[in-house]
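Residue numbering restarts at 1 for every chain, and letters A, B, ... go by the order of the sequence lines. Hydrogens, waters and symmetry mates play no part in the numbers below; they use all other heavy atoms, side chains included.
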4 protein chains.
Amino acid sequence: MGGAVKGKRMPRAVRERQMMDAAVQTFGQRGYRAASMDEIAGLAGVSKPLVYLYLNSKEELFTACIRREAGALVAAVRAGVEPGAPADRQLWDGLRAFFTHAAEHPDGWAVLHNQARTHGEPFAAEVARMRAEIVSFVTYLIGAAAREADCDSELAEREVGGLAHALVGAAESLAGWGNETPGVTAKETAATLMNFAWAGLENLMNGRRWAPPSPRG
Amino acid sequence: MGGAVKGKRMPRAVRERQMMDAAVQTFGQRGYRAASMDEIAGLAGVSKPLVYLYLNSKEELFTACIRREAGALVAAVRAGVEPGAPADRQLWDGLRAFFTHAAEHPDGWAVLHNQARTHGEPFAAEVARMRAEIVSFVTYLIGAAAREADCDSELAEREVGGLAHALVGAAESLAGWGNETPGVTAKETAATLMNFAWAGLENLMNGRRWAPPSPRG
Amino acid sequence: MGGAVKGKRMPRAVRERQMMDAAVQTFGQRGYRAASMDEIAGLAGVSKPLVYLYLNSKEELFTACIRREAGALVAAVRAGVEPGAPADRQLWDGLRAFFTHAAEHPDGWAVLHNQARTHGEPFAAEVARMRAEIVSFVTYLIGAAAREADCDSELAEREVGGLAHALVGAAESLAGWGNETPGVTAKETAATLMNFAWAGLENLMNGRRWAPPSPRG
Amino acid sequence: MGGAVKGKRMPRAVRERQMMDAAVQTFGQRGYRAASMDEIAGLAGVSKPLVYLYLNSKEELFTACIRREAGALVAAVRAGVEPGAPADRQLWDGLRAFFTHAAEHPDGWAVLHNQARTHGEPFAAEVARMRAEIVSFVTYLIGAAAREADCDSELAEREVGGLAHALVGAAESLAGWGNETPGVTAKETAATLMNFAWAGLENLMNGRRWAPPSPRG
DNA sequence: AATGAATGAGCATTCATTCAT
DNA sequence: GATGAATGAATGCTCATTCAT
């Protein structure tokens, strides 16, 4: 990615970006604990004390990475969605934007999905916030779709939450699958999930739901 | 928690189980790197050299944990499913067994889902094997369901794979959600996912699929 | 070497010999510090506590090895020499016996020559005693030779000591050389040294000595 | 001993020398395995991480010590010898330089003679190279002496090798003797060996050799 | 006569972090 | 704005040694 030429005397903002790029890459590939400040500094083409001067500590550096990557992901999804459009269209656009961004920033995605969630509260909370934002957006879309469809049956609040979670979870899982499986495009992945999800939602909204068999009988 | 009374002089098998229990708990909560052999030994009520004597190294210990937990999970799902039953019933039973097991063994689930996948090939491969087994089971169920429904449309091979992945991914994500959200039962979670998934699958199998809008128009 | 069949219940003396054999081999090949009691016990086909029961500690075990091997070496040399024979003949026989024994017991020789001398007083003293015995024997032989030769010049006490040391040192060094160089027999080695040494001694005894050049001029 | 004042903030080269001095001393006195990095760092007046930062590992540190001491020894011998001088003079000067250097750097000599040879290939090879260099120099000198003496008898190739080995071995052994025996000067030691060796060589070169008695008869 | 079970103490190595310049 | 020099505190791992049986 475009940088880290060892030139001296850059303005702070540029240096800081180089460091965070290096950090995201290192954290994403090695994991939080296994990534060493030495490696990050080296990759950024900078001495270790400078990293500390600008970013204070490994923990803060990691938090900054999470925040930056989370922000970028949410922004990418937002940019892909047209606010006034019909709900299904919004979901479709959002999914595409999501999968595309994850595919283009695998290390960033790894930081969010694999690393941040596995290293205790300070970090998990950060990523949970982003996730909540997306889940709530999806929840809103499901509601909107229900209203648009003028559906008769009502979906319980919690059930909608569960559905949104399932959808987001499926998306996250597929993002990893797409990143690791060569030859699968973001659009394909989005289509698969959209088919899987939307049809199900439609059914639900029309009251056709799968009945659990009478208990063990 | 079941065990690790500091009593001395136990037979090897018992001690070994205590150690693995402690290890799963520690790895699940702290992560592979952050978990220290000291802490594991302490939690097991044993001195560190004994852990090494029986389990050789941190890496082997972690691998042993993954294998044990993966085996237990697969066994739980298998035990919950009745082989001859209709596909939807099998899926439902399997999901319930899965969510129940994950809820009852949160640390084990964390080891598999959060830790093993983020610490390099030796471990990721181990858990990938288990996942592949489950995905292939789900893939088979989708196919069986299609045949049972005598459906006319055919689902492309890769699409089925994608669907199975999406379903398993959604399940994994929901398992985490269920473990972290108080008051949600495994049965509820399973029902949510089943509704979400099965209806969608039915639609797909009947050729009703969501059409992506004509490109950007 | 003849042993360590894992059979149970041997008389103490036999077990002890097996242990010492294993210890000599391990110490000789690995060195004192790098040899582990585990390996020694394993090689002897015995459990570790038994080694401690019979030989008390690593230090004592090592000392015992040194003593046994030193004793064996001295005995071998003694057995090769005929007390009444002329001095040169005695020296020749002694050298041959020495090189032969060192070649036949390379681990024992390594213990004495390489290991015992490099691990502090308790052990170095032990081997120094043996060395002193041999040096004094050689010193005596040189004196006897002088008397036999009815030589006119007198050799200073200290000079004889130095010569004996040099001879023994050369022998020790050649023993290592012989053990590590394939195709060199003990007899050959002995002949080389004998030629080197005896002629020189003869010269010295006859007063023909090498004169250091006038100081730097 | 010369240095290691605990002053802070020295240039790297200086610190590195202090560390190597401490390492040579510690390795020489305790042996490779028994020497602890803690002790070395302490003796150098430095924290352990700094030792690792500059010298990478115990193994590399030891190797560096061997190389430095071997180089110093060879250099000392070279510096003591006058290339054009007669062979006996060269041998005499070389021996004096050798004994003097060994006496002045007992720990360095111990590292080379006692430790490096007893701790496996990586190290033994290093010192073997130096030894080979010296042996080959001595071999050359013996040949030169034979030519100078215009001697009639020919010395077999292998015999010369054996003689050189014996001479070097004797020297090594005497160096240890000199270092451990108080009151013996390097010059004295050199004279003893020179007398022992040169006269013998002269005899050999003139075809006067010691005849092994007819086999056991 | 012999061993399975267990540990205290130490060791090489690494890392996040800080001064002094 | 930037760095070479330096360290306290862990961490994984091993080993000589001892009980209880």
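- Applying the salt bridge (Lys or Arg N to Asp or Glu O under 4.0 Å) test to residues at least two apart or on different chains, the pairs with a partner in residues 105-121 of chain A are A:Arg117-A:Glu172.
- Atom pair A:His119:NE2 and E:dA16:C1' shows a separation of 16 Å (rounding to whole Å applied).
- Enclosure of atom CZ in A:Arg30 is not indicated, since only 12 or fewer non-hydrogen atoms of other residues, nucleotides or ligands lie within 6.0 angstrom.
- With sequence neighbours left out, the ring pair (Phe, Tyr, Trp, His ring centres under 6.0 Å) criterion links A:Phe123 to A:Tyr32, A:Phe62.
- Look at CG on A:Leu50: it is 14 Å from C1' on F:dG4, rounded to the nearest Å.
- Distance CD (A:Glu39) to P (E:dT14): 14 Å, rounded to an integer number of Å.
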Secondary structure string for DNA chain F (Watson-Crick or G-U under 3.5 angstrom, | for other-strand pairs): .||||||||||||||||||||

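- Taking the side-chain hydrogen bond (donor to acceptor under 3.5 Å, both in side chains) definition, one finds that A:Glu16 meets it with A:Arg12, sequence neighbours left out.
- Across the protein-nucleic acid pair, C:Glu59 atom CD and F:dA16 atom C1' stand 12 Å apart, rounded to whole Å.
- Counting to the nearest Å, the P atom of F:dC15 and the CG atom of C:Leu61 are 16 Å from each other.
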Pairwise N/O distances under 3.5 Å, protein to nucleotides 8-12 of chain F:
{"unit_1": "F:dG12", "atom_1": "OP1", "unit_2": "B:Ala35", "atom_2": "O", "d": "3.3"}
{"unit_1": "F:dG12", "atom_1": "OP1", "unit_2": "B:Lys58", "atom_2": "NZ", "d": "2.7"}
{"unit_1": "F:dG12", "atom_1": "OP2", "unit_2": "B:Met37", "atom_2": "N", "d": "3.0"}

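- Residue pairs satisfying the salt bridge (Lys or Arg N to Asp or Glu O under 4.0 Å) criterion with at least one member in residues 61-73 of chain A, sequence neighbours excluded, are listed as follows: A:Asp21-A:Arg68, A:Arg67-A:Glu126.
- Rounded to an integer number of Å, the gap from CZ of B:Arg15 to C1' of F:dA20 is 14 Å.
- Legend: residues meeting side-chain hydrogen bond (donor to acceptor under 3.5 Å, both in side chains) with C:Lys48, ordered by chain and number and at least two apart, are C:Asp38.
- Rounded to an integer number of Å, the gap from C:Arg30 CZ to F:dT14 P is 14 Å.
- Residue-level contact check: A:Arg12 touches neither bases nor backbone, having no heavy atom under 4.0 Å from any strand.
- Protein atom CG of A:Leu53 is 15 Å distant from nucleotide atom P of F:dG4, rounded to whole Å.
- Checked against side-chain hydrogen bond (donor to acceptor under 3.5 Å, both in side chains), A:Glu59 has no partners two or more places apart in sequence or in another chain.
- Checked options D:Ile40, D:Leu61, D:Val111; the residue passing with D:Val24 is D:Val111 (criterion: side-chain contact (heavy atoms from CB on, under 4.5 Å)).
- In this structure, D:Arg33 has no salt bridge (charged side-chain N to carboxylate O under 4.0 Å, His left out) partners at least two apart in sequence or on a different chain.
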